[in-house]
Number of protein chains: 4
Amino acid sequence: MAKKELIRETAISVMAELGYHESTTDRIAQEGGMAVGTIYNYFRNKEEILQYIFQVEFAKRKKAYEEELASEKPALEKLGSLLEKHFRAIEENILVGKILVREHPKPGGSEINEITKFLEGVPTLIQTLLNKAMENGEIRSCDTELMSAAFFGAVQGMALKAVFTDDENKQKQILQNAPKELMLLFKQGLGR
Amino acid sequence: MAKKELIRETAISVMAELGYHESTTDRIAQEGGMAVGTIYNYFRNKEEILQYIFQVEFAKRKKAYEEELASEKPALEKLGSLLEKHFRAIEENILVGKILVREHPKPGGSEINEITKFLEGVPTLIQTLLNKAMENGEIRSCDTELMSAAFFGAVQGMALKAVFTDDENKQKQILQNAPKELMLLFKQGLGR
Amino acid sequence: MAKKELIRETAISVMAELGYHESTTDRIAQEGGMAVGTIYNYFRNKEEILQYIFQVEFAKRKKAYEEELASEKPALEKLGSLLEKHFRAIEENILVGKILVREHPKPGGSEINEITKFLEGVPTLIQTLLNKAMENGEIRSCDTELMSAAFFGAVQGMALKAVFTDDENKQKQILQNAPKELMLLFKQGLGR
Amino acid sequence: MAKKELIRETAISVMAELGYHESTTDRIAQEGGMAVGTIYNYFRNKEEILQYIFQVEFAKRKKAYEEELASEKPALEKLGSLLEKHFRAIEENILVGKILVREHPKPGGSEINEITKFLEGVPTLIQTLLNKAMENGEIRSCDTELMSAAFFGAVQGMALKAVFTDDENKQKQILQNAPKELMLLFKQGLGR
DNA sequence: AATGAATGAGCTTTCATTCAT
DNA sequence: CATGAATGAAAGCTCATTCAT
């Protein structure tokens with residue numbers, strides 16, 4: 001279904017520029033070279049588009065996570081690999097990075113949606129790895145729930161920094177250094 | 001001007017519950033026991049209310065920052081104190097915490113507004129302290145710009161975790177542990 | 001609340017001309033010399049306007065019914081009086097007659113709304129009077145439930161006829177003869 | 001052309017349930033197991049489907065009317081026979097009854113369409129029979145135009161009652177009693 | 001200063017209809 | 001003939017903002 005993909009990509013571009021709330025379905029349709037109605041043949045409403053964007057990104061990370069899990073590396077190295085992939089993905093698509101970093105679900109929503117799945121699911125994956133690392137003695141004993149929240153926050157913070165840096169070179173530099181620096185920080189910071 | 005303060009508090013309560021976009025000026029007026037028109041005697045528009053909320057919070061942090069700066073402690077300890085104050089402030093007003101952690105300016109805004117002042121200003125304050133700490137040899141050499149972004153992100157991540165934890169005891173616990181754990185992580189992680 | 005009344009009257013005029021479904025809120029607002037938004041300060045949605053129209057008319061008939069009930073006349077005469085009033089009301093406002101005669105609730109609606117209240121409530125009032133008349137021996141024994149359905153249908157049929165008669169004189173004539181003819185028909189038809 | 005018939009039947013089913021305006025062409029196509037486009041090979045637009053439903057029903061009644069006309073019975077008996085057939089037809093297909101009783105043309109339509117043909121044509125047929133009956137002295141002198149409107153209205157009122165009675169037994173009972181009761185009412189009511 | 005009815009631009013969404021396959 | 005993705009006009013409704021009182 002190339003159309004759904006086209007809508008997703010166009011929406012990413014529009015929402016990255018204007019933010020979810022300022023993005024109109026008309027605008028997305030227009031930039032995608034289609035009629036508004038077409039969007040609604042693939043999505044039930046505007047929010048579902050945003051959900052789908054997160055869904056796709058979460059699926060990618062989930063897949064990478066599972067591949068890493070299956071490998072033989074120490075848990076901390078797995079986390080490092082995932083981080084590398086995450087920042088590389090953002091580097092390849094800054095626009096999607098802007099969205100991941102800025103769009104939040106509307107509050108009060110305890111319903112399971114793709115945005116919360118990302119915003120809560122990713123920290124959970126991190127926590128699992130931290131737990132493993134703790135069990136293996138790779139890191140010192142710590143509150144992994146809190147630590148994974150901090151870790152994910154730090155990732156988001158760095159991504160935010162990168163993504164809104166106008167100078168492309170600097171942006172690239174941040175995105176490339178971020179995973180290393182972050183792993184260094186945590187490896188050392190949680191070292192025994 | 002007690003009215004402006006009343007509006008600010010009511011808006012915090014409403015926006016924490018519904019989020020900025022779902023919060024209507026009518027609702028804020030109603031919950032504040034006033035007419036919509038009154039709001040517009042104190043704010044030019046809805047966004048300005050949100051800006052004001054951030055402004056007040058930023059001012060508090062700025063003040064604390066300047067007090068700390070004037071003291072004789074090592075930079076890292078100053079940072080720790082600020083962190084303590086930040087989480088204590090959130091503990092005292094969870095609602096405002098929800099807002100600080102979730103509301104972002106609309107993108108593309110390079111205009112200097114109170115939200116970006118908070119979201120960029122606070123990391124800048126952090127960076128200044130990290131720079132000092134680096135100069136003093138309290139921490140190892142590192143990219144403080146990146147590190148402060150990570151630091152602020154981690155703070156936000158932990159606050160997010162706390163603020164949307166329903167169990168009040170756990171919430172309190174997170175808010176109280178967060179600054180310690182975070183300082184420990186960074187002190188060790190950026191140790192020489 | 002003169003505004004609500006203005007909206008009701010304008011809506012009657014528009015809906016009588018175009019029918020409920022072809023009537024747009026924009027059009028009603030325009031013909032009422034107000035903004036669309038104003039309508040929504042008095043009604044939650046378009047349908048509620050129609051409901052309100054029926055509500056007002058039903059209330060009038062209900063009131064007349066209760067006045068008649070309190071009187072000393074034989075039941076059949078009461079029915080006759082009500083009929084007179086009904087057709088006189090239509091004569092005084094053909095537009096509202098068009099609506100009463102043509103707009104139906106959307107099906108599946110078992111919810112109690114003002115339209116069904118009219119369409120089912122009025123026959124019920126009629127039935128009550130027929131029951132009284134039967135008890136008093138004014139009319140022969142019959143299935144009053146069925147008979148009231150027929151009676152109300154006949155009323156609606158005659159009103160429909162009148163209301164879509166273009167010739168004003170003929171229209172007036174129908175509206176004036178209808179109650180007499182109908183009462184004659186039923187008095188004789190249900191005579192013993 | 002079995003397809004057109006299939007569309008008619010499916011549309012009856014959908015429109016009886018949802019009403020004309022809530023019925024979508026997509027839904028009709030889906031329930032008929034065909035594509036939307038197919039509908040438009042047989043009908044120019046959605047309204048034409050409804051028109052066709054009325055057309056078929058009107059044709060049936062017209063045919064029955066002509067058969068009766070050719071017979072030797074007194075006019076009033078002919079009317080009675082038609083009535084029997086009408087209610088029997090509804091009994092055999094409640095769904096179509098719901099439509100006949102509830103869907104009206106959009107107002108202002110002086111164009112000759114199948115719905116007005118039914119809604120005005122049937123009373124006209126009735127009137128012709130009433131005229132005959134009057135000429136033959138079967139009934140007293142009366143305004144047959146008005147009387148036929150009342151008659152048709154009464155029929156519709158009873159059909160409405162039946163068609164929205166959930167209890168199937170009661171429904172059947174109404175449909176079977178209706179023609180008798182109605183003829184009795186009018187025979188006696190218009191008796192000399 | 002406070003009020004709150006009025007405003008109307010602007011948004012999301014629907015759905016009858018078309019037409020290339 | 002059948003299909004069904006694409007269309008886009010048009011509708012209902014919201015809500016930040018204004019301003020006469």
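Chain letters run A, B, ... following the sequence lines, proteins first, then strands; residues in each count from 1. Side-chain atoms are counted along with the backbone in the values below, which use heavy atoms only and exclude waters and symmetry mates.
Proximity of a side-chain donor or acceptor of D:Tyr42 to a complementary backbone N or O of D:Ile49 within less than 3.5 Å is not detected.
Rounded to whole angstrom, the span from the CG atom of B:Leu6 across to the P atom of E:dA2 amounts to 10 Å. One interatomic measurement links the two molecules: CZ of B:Arg27 to P of E:dG4, which rounds to 18 Å at whole-angstrom precision. The interatomic distance linking D:Ile28 (CD1) with E:dT17 (P) rounds to 11 Å, in whole Å. The separation between D:Ile7 atom CD1 and F:dT3 atom C1' is 13 Å, rounded to whole Å. The CD1 atom of D:Ile39 sits 12 Å away from the C1' atom of E:dC15 (whole-angstrom rounding).
Residue-level contact check: D:Asn41 touches the bases, meaning some heavy atom is under 4.0 Å from a base atom. Heavy atoms of B:Tyr42 sit under 4.0 angstrom from primed sugar atoms or phosphate atoms, though from no base atom. Heavy atoms of A:Asp26 sit under 4.0 angstrom from at least one base atom. Within 4.0 Å (heavy atoms only), C:Thr24 reaches sugar-phosphate atoms of the nucleic acid but no base atom.
A residue-by-residue look at D:Tyr20 and A:Glu47 shows that A:Glu47 has its nearest nucleotide of DNA chain E further toward the 5' end. The residue among A:Thr38 and C:Tyr40 whose nearest nucleotide of DNA chain F lies closer to the 5′ end is A:Thr38. Along DNA chain F, the nucleotide nearest to B:His21 and the one nearest to C:Thr25 differ in position, and the one closer to the 5' end is contacted by C:Thr25.
With distances taken from any side-chain atom of A:Ala35 to the nucleotides F:dT7, F:dT3, E:dT12, the minimum falls on F:dT7. In this structure, the nucleotide among F:dA6, F:dA16, F:dC13 sitting nearest to the side chain of C:Val36 is F:dC13. Nearest nucleotide to the side chain of C:Asn45, out of F:dT18, E:dT13, F:dC13: F:dC13.
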Requested in this report: Determine, step by step, whether D:Ile115 and D:Phe58 satisfy the side-chain contact (heavy atoms from CB on, under 4.5 Å) criterion, reporting the C-alpha distance in whole Å, the side-chain angles of both residues, the deciding distance to 0.1 Å, and the verdict.
Outcome: CA-CA 9 Å; D:Ile115 304 181; D:Phe58 182 63; over 6 Å; no

Quiz prompt | Derivation of the side-chain hydrogen bond (donor to acceptor under 3.5 Å, both in side chains) call for D:Glu47 and D:Gln51 | solution = CA-CA 6 Å; D:Glu47 171 155 7; D:Gln51 299 286 355; 2.8 Å; yes

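The side-chain tip of D:Lys117 does not point at the ring of D:Phe54 from less than 6.0 angstrom away and within 45° of straight on.
The shortest distance between the side-chain N/O atoms of A:Lys3 and the OP1/OP2 oxygens of F:dA6 is below 4.0 Å.
Salt bridge status for D:Arg8 with D:Glu57: present, with a side-chain N to carboxylate O gap under 4.0 Å.
Between the OG1 atom of B:Thr38 and the CD1 atom of B:Ile28 there is a distance of 13.0 Å, given to the nearest 0.5 Å. Rounded to the nearest 0.5 Å, atoms CD (C:Glu103) and CG (C:Leu100) are 10.0 Å apart.
In DNA chain E, runs of at least 3 consecutive Watson-Crick or G-U pairs, each pair with both distances below 3.5 Å, span E:2-21 with F:2-21.
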